[in-house]
Protein chains: 2
Amino acid sequence: MYNSHKIGALIILISITITHMQSSKKEGYFNPGVTVDVAIFTIEDNTLKILLIKRANEPFKGTPALPGGFIHKGESSLETAERILADKAGVKNVYIEQLYTFDESERDPRGQIISIAYFALVPREKLGIHEGSRTENPEFVSVENLDKLAFDHKKIIAYALKRLGDKILYTNIAYSLLPQSFTFSQLQKTYEIILGAPIDKRNFRKKFIQLDMIEETNEKLTGKRQRPAKLYRFKKKMPEKLKRFF
Amino acid sequence: MYNSHKIGALIILISITITHMQSSKKEGYFNPGVTVDVAIFTIEDNTLKILLIKRANEPFKGTPALPGGFIHKGESSLETAERILADKAGVKNVYIEQLYTFDESERDPRGQIISIAYFALVPREKLGIHEGSRTENPEFVSVENLDKLAFDHKKIIAYALKRLGDKILYTNIAYSLLPQSFTFSQLQKTYEIILGAPIDKRNFRKKFIQLDMIEETNEKLTGKRQRPAKLYRFKKKMPEKLKRFF
DNA sequence: CCAAAAGTGTTGACTGTACACCCATGT
DNA sequence: ACATGGGTGTACAGTCAACACTTTTGG
């Protein structure tokens with residue numbers, strides 16, 4: 001049996017050390033917890049959807065939340081985000097960028113924990129079958145009807161939506177939501193969904209051709225009871241700024 | 001004299017505790033160090049300048065660096081940035097926004113330490129006299145000729161410059177670099193310095209008036225051996241997006 | 001032959017860009 | 001009187017925004 005006297009001393013020592021680490025050191029700093037949360041978007045059934053999980057643990061156990069987790073030792077936050085993307089959405093090599101770091105003090109009931117938020121876009125076709133990963137049950141839900149979310153995740157999503165809406169206007173990131181080849185209608189729909197407004201078909205085509213981001217393939221989409229649509233592809237599938245605005 | 005046996009035990013205990021805090025816990029996460037670095041810009045002598053200090057401690061002792069520091073307990077990163085701004089530049093209530101979080105693993109020789117970078121703009125007139133704060137000697141240097149900097153601070157500055165150049169085109173943040181009232185020439189010069197290119201005087205005036213960001217004061221700037229210039233002021237001194245682009 | 005979406009041009013308003021001269025003051 | 005930066009207008013080209021009809025297919 002343990003000597004309780006020694007254990008008492010041990011506990012005091014550990015407490016002192018933890019306090020020391022968290023709040024003082026000689027410069028007076030401490031290390032907040034660092035997590036990464038990822039806003040993963042896709043387009044499905046003509047709506048913009050985001051991947052949410054149900055929290056398996058406290059705090060907010062059972063509440064929908066963005067997939068996320070703590071940074072592991074030796075891992076950059078981008079690597080953490082990519083790990084989450086692989087674990088929760090089953091995808092790799094998709095569009096991803098850092099969004100913002102959220103660190104308001106009341107955001108996590110466990111104390112001072114910051115979240116480096118990332119923002120990812122995945123074409124529907126790339127998404128694996130949802131492996132009902134334990135109790136978390138990750139699924140894509142429409143961004144229209146989001147209930148109460150854990151932490152400040154509603155705020156993070158709002159920020160991500162703003163970024164997406166801005167960025168689709170001056171970059172080519174739309175490629176990351178569309179399949180390899182697509183019709184002009186699909187492309188236009190993507191813009192309309194993200195911008196939340198209808199666009200004139202003729203003007204859209206003109207503008208897009210002028211922007212020089214896409215090219216025709218030799219194929220057409222047949223099998224619908226209508227005139228077959230030409231299929232297009234993006235010339236480049238790497239993020240870049242446009243010279244002109246959309 | 002201390003009992004060396006007890007001290008040995010103490011050291012082992014502390015080591016165990018630190019290791020425990022940093023790398024394991026039951027979920028397998030750890031807390032990287034979290035610092036804040038601030039890119040503080042101003043315009044002086046017709047150049048864009050940034051505030052640099054000389055590092056007082058290792059690593060990179062004596063090397064120029066962005067002013068920065070660890071987050072204190074209970075402080076948000078924004079508050080940390082504002083504290084740095086007050087301590088190193090002697091200003092409060094200036095334009096500040098979060099820039100990006102840098103966390104590539106090789107950025108700090110001490111180990112895994114992330115930097116939440118902020119970006120601030122200060123009108124020259126607001127800056128206090130440089131209090132030769134110890135050995136750090138903060139001073140504004142032209143962004144044109146930056147030598148070797150500590151850590152990845154060159155990268156951070158490059159990122160900040162890009163952000164500034166972008167943002168001056170679609171927001172009214174120029175107000176945060178100019179004095180209360182200013183001439184059209186001063187305003188134009190500000191844009192030219194940031195964009196790094198000359199602008200046609202007539203077109204600049206037309207565009208700016210159309211953007212409706214500024215208004216005339218009743219005063220003129222006299223005392224120069226030339227026609228007195230009308231003084232203008234910004235209508236709003238809060239950051240906002242423009243409806244049209246500059 | 002009908003329904004459905006694909007595909008295409010023109011016009012008028014507005015915005016961007018290029019460019020050169022007169023004005024008011026201090027010295 | 002002259003040097004210095006302050007201040008203004010016009011013309012052409014390009015872009016934006018609004019709008020309606022024909023084409024090609026499958027059923």
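Chain letters run A, B, ... following the sequence lines, proteins first, then strands; residues in each count from 1. Bear in mind that the values here come from a model prediction, so they are computed numbers and not experimental data. The analysis underlying the following values was restricted to heavy atoms, covering all of them including side chains, and did not include hydrogens, waters or symmetry mates.
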Discussion item. Classify R205(B) by what it touches in the nucleic acid, base, sugar-phosphate, or nothing, heavy-atom distance under 4.0 Å.
Written reply: base

Worksheet item: Hey, does the side-chain of K243(B) have a donor or acceptor N/O within less than 3.5 Å of a partner on the base of dT15(C)?
Response: no

Worksheet item: dT23(D) base to K220(A) side chain: any donor-acceptor pair below 3.5 Å?
Response: no

Discussion item. Apply salt bridge (charged side-chain N to carboxylate O under 4.0 Å, His left out) to residues K92(A) and E82(A) and explain how you reach the verdict.
Written reply: CA-CA 7 Å; K92(A) 288 201 289 191; E82(A) 285 169 340; over 6 Å; no

Fill in: Reported CG-to-NZ distance for the pair N137(A) and K54(A), which is rounded to 0.5 angstrom
6.5 Å

Practice prompt. Look at the side-chain N and O atoms of R202(B) and state whether any lies under 4.0 Å from the OP1 or OP2 oxygen of dG7(D).
Written response: no

Item to complete: Please report, rounded to the nearest Å, how far the P atom of dC19(C) is from the CZ atom of F204(B).
Response: 19 Å

Practice prompt. Using atom CD of Q188(B) as one end and atom C1' of dG5(D) as the other, report the distance to the nearest whole Å.
Written response: 12 Å

Response to the item:
To the nearest angstrom, the CG-C1' distance between D200(B) and dC21(C) comes to 13 Å

Worksheet item: Hey, what's the ring geometry for F234(B) with F208(B), parallel, tilted or perpendicular (30° and 60° as the breaks)?
Response: perpendicular

Response to the item:
Taken to the nearest 0.5 Å, the spacing of L178(A) CG from L187(A) CG works out to 6.0 Å

Item to complete: Take the protein atom CD1 of I209(A) and the nucleotide atom C1' of dT8(C), then report the distance between them rounded to whole Å.
Response: 10 Å

Discussion item. Let's see if you get this right: which residues in residues 221-231 of chain A place a heavy atom under 4.0 Å from DNA chain D?
Written reply: K224(A), R225(A), Q226(A), R227(A), P228(A)

Item to complete: For K201(B) and dT17(C), give me the distance from atom NZ to atom P, rounded to whole Å.
Response: 19 Å

Worksheet item: Do we get K207(A) above F246(A)'s six-membered ring, with its NZ or CZ under 6.0 Å from the centre and within 45° of the axis?
Response: yes

Discussion item. For F184(A), does the six-membered ring have the charged nitrogen or CZ of R205(A) within the cation-pi criterion, i.e. under 6.0 angstrom from the centroid and within 45° of the normal?
Written reply: yes

Worksheet item: Taking atom C1' of dC14(C) as reference, at what distance in whole Å does atom CZ of R244(B) sit?
Response: 8 Å

Worksheet, complete the sentence: F208(B) atom CZ is separated from dG16(C) atom C1', nearest whole Å, by 17 Å

Worksheet item: Atom CZ of F245(B) and atom P of dT15(D): how far apart are they, to the nearest Å?
Response: 16 Å

Worksheet item: In terms of ring plane angle, is the pair Y191(A) and F204(A) parallel, tilted or perpendicular, where the classes change at 30° and 60°?
Response: perpendicular

Worksheet item: Within the structure shown, what part of the strands sits under 4.0 Å from K207(B) by heavy-atom distance: base, sugar-phosphate, or nothing?
Response: sugar-phosphate

